[in-house]
Amino acid sequence: MYLARVFFRLHGYLQPISKTQASLVSRLIRTQNEVRYYWQVTAAPQSTSCHWQLQEECLELSYGGLVMHFDYVWLRDHCRSASCYNSKTNQRNLDTSHVELNIRPANTRVDDENLFLTWPEGHVTRYNLSWLAQNSYERQKQRAMQPRIIWNSDIYTNAKVSSANWDKFMTCDDELKKFLRNFLLYGIAFVEGVPPTVEATETVTQRVSLIRETMYGKMWNFTSDFSRGDTAYTKLALDRHTDTSYFQEPCGIQVFHCLKHEGTGGRTLLVDGFYSADQVLQKTPDNFELLARVPIKHEYIENVSDHRNHMIGIGPVLNVYPWNNEVYMIRYNNYDRAVINTIPHDIVKRWYVAHRELTTELRKPENELWVKLKPGKVLFIDNWRVMHGRESFTGLRQLCGCYLTRDDVLNTARSLGLQA
Ligand SMILES: C[N+](C)(C)CCCC[C@H](N)C(=O)O
Ligand SMILES: O=C(O)CCC(=O)C(=O)O
Ligand SMILES: [Fe+2]
């Protein structure tokens, strides 16, 4: 019933994913020894000729090889004239609630570069044609919000992605930009040569973003002393997972710096969740869809000495943009997954089948990247994408790090001219 309602609500907006669609959505382009991945790239505009037609509900515009549809209220709402829009602050002046919902232009004219609409009350809006193309739903549907290279162990290793160097990283914007480009493409990136202290680790993160304070603190520095009620604070192996799945918005970035390890084991496991999700999409679109639509809970209940915490996060395993099914966040933590009471029994079985398929993909040895973190080597992980885990270990092992706010990482990337 519940799922039926969800399907009903989304039907027509988010169409069920067919196999053919799945192969349209993702495309592999091989270059040398690197596999580049995009969510379908739009061809550059082939022609600049423009055709338009006023239809009952919308304006149809054919421009730059794209047929687009613009709703009339949308067009009125997006008037960029000085009275409707403040181009100094990039904010709308127009009060949208005053727009007549059945509005239609009284007059339409097109020149080489612009569309002009005259509205019933006499106001004229000029739209640049390439602005319209850039901002159309049809264009958005074709492009990736976030171009990325999904990887398994071979793809990542063969790409020979270089680490940033601490000195350069702290002083040179090009080094920072290179680091962020890698981080956005692969969901992981390293800085080497960092002094093995909590302070220097904090300093390095401040180039990229702001620390996201949680109940674990700002910067944390932990060892296997069970000082907190979580297996992270033991010597046990931890299977691949994303952290803080029990937050309504899981932390965007996780930073690790191993300050000390006198013992054996303790290697870090990294797995690109988007690669595995894509495998599921290619092989069994129905399973992908279930994982993307069925909300489940994750929970953190801590009751150790003076730490009392109870966190609950609700959301699907795969979070996708409905207009193009691009995955933007994975919540995957079997340790912290809570009681499932959000799904009726017949769908729950199908959900377990889908979850099993994703798990099987995530556990394929060829998808595992193992690294030994050493003092000096700081690892940044996109916690919405790349899973981490660790091997069991012996001896004293001290790991410091923090979470970072995702918006601020993307902000830094954009300020350096990267698409993020
Ligand atoms: C990183 N730090 C040690 C501070 C916290 C670890 C949190 C572990 C928790 N099970 C989770 O997956 O979110
Ligand atoms: O000890 C490690 O390497 C990582 C443990 C872990 O998963 C965490 O702290 O989030
Ligand atoms: Fe973790």
Side-chain angles (χ1 to χ4, degrees), residues 34 146-149 151 156-157 159-214 216-223 232 242-244 250-262 266-270 272 369-386 388 390 396-420:
E34 187 181 77
Q146 170 68 71
R148 47 175 81 102
I149 298 171
W151 51 267
Y156 186 78
T157 312
K160 301 208 175 356
V161 186
S162 53
S163 298
N165 165 273
W166 153 261
D167 291 323
K168 246 176 137 182
F169 185 82
M170 290 312 297
T171 52
C172 165
D173 279 357
D174 271 353
E175 185 80 347
L176 176 62
K177 184 171 177 177
K178 215 167 70 190
F179 169 90
L180 282 170
R181 183 183 290 122
N182 288 333
F183 181 78
L184 295 172
L185 282 178
Y186 297 98
I188 50 172
F190 296 89
V191 185
E192 288 189 76
V194 180
T197 63
V198 176
E199 294 69 35
T201 311
E202 178 169 359
T203 306
V204 92
T205 67
Q206 294 316 285
R207 277 291 270 167
V208 178
S209 182
L210 307 173
I211 292 175
R212 175 155 174 200
E213 187 173 3
T214 64
Y216 302 111
K218 286 192 175 114
M219 291 299 296
W220 23 261
N221 184 10
F222 71 103
T223 183
T242 57
D243 265 29
T244 64
C251 293
I253 285 87
Q254 162 126 284
V255 179
F256 282 138
H257 189 184
C258 184
L259 301 181
K260 196 183 261 184
H261 186 198
E262 293 151 356
R267 282 180 311 159
T268 296
L269 167 63
L270 298 165
D272 184 0
L369 182 72
W370 287 94
V371 287
K372 176 72 184 155
L373 297 180
K374 299 234 164 70
K377 186 167 178 156
V378 177
L379 165 61
F380 288 67
I381 305 171
D382 182 344
N383 187 53
W384 282 18
R385 167 178 175 184
V386 175
H388 63 279
R390 72 157 185 240
L396 174 69
R397 180 170 175 271
Q398 225 179 350
L399 200 63
C400 90
C402 59
Y403 298 114
L404 300 176
T405 58
R406 185 179 196 81
D407 287 331
D408 296 284
V409 175
L410 302 180
N411 181 32
T412 307
R414 289 182 199 119
S415 75
L416 292 165
L418 295 168
Q419 185 189 335

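The OG1 atom of Thr405 sits 9.5 Å away from the CD1 atom of Ile211 when rounded to the nearest 0.5 Å. To the nearest 0.5 Å, atoms CH2 (Trp370) and OG1 (Thr268) are separated by 8.5 Å. Rounding to the nearest 0.5 Å gives a distance of 4.0 Å between CZ of Phe380 and CZ of Phe179. Taking CG from Leu259 and CZ from Phe222, the interatomic distance works out to 10.5 Å, rounded to the nearest 0.5 Å. Here Tyr156 contributes atom OH and Leu369 contributes atom CG; the two are 7.0 Å apart, rounded to the nearest 0.5 Å. Note that CD of Glu213 and CE of Met219 are 12.5 Å apart. Values are rounded to the nearest 0.5 Å.
Residues Ala200 and Pro195 share a closest heavy-atom pair of CB-O, 3.4 Å. Considering all non-hydrogen atoms of both residues, Gly252 and Asp382 come closest at O-OD1, 3.4 Å. Scanning both residues, Val208 and Thr412, for their nearest heavy atoms gives O-OG1, 2.7 Å. In terms of heavy-atom proximity, Val409 sits nearest to Ser209 at CG2-CB, 3.5 Å. In this structure, Val386 and Ile381 approach most closely via the heavy-atom pair O-CG2, 3.5 Å.
His261 and Lys374 share no side-chain donor-acceptor pair at under 3.5 Å. Checking Tyr186 against Asp272 by side-chain atom types alone, no donor-acceptor pair falls below 3.5 Å. In this structure, a donor-acceptor pair under 3.5 Å is present between the side chains of Gln254 and Asp243.
Checking side-chain atoms of Thr223 against main-chain N and O of Arg397 turns up a donor-acceptor pair under 3.5 Å.
Classification of Asp173 and Lys178 as a salt-bridged pair fails, no side-chain N sitting under 4.0 Å from a carboxylate O. A salt bridge between Arg212 and Asp408 is absent, with no side-chain N of the basic residue lying under 4.0 Å from a carboxylate O of the acidic one.
Within a 6.0 Å radius of NZ in Lys372, more than 12 heavy atoms belonging to other residues, nucleotides or ligands are found.
Below 30°, between 30° and 60°, or above 60°: for Phe256 and His388 the angle between ring planes is above 60°, a perpendicular geometry.
The salt bridge (Lys or Arg N to Asp or Glu O under 4.0 Å) test applied to Arg181 returns no partner, not counting sequence neighbours.
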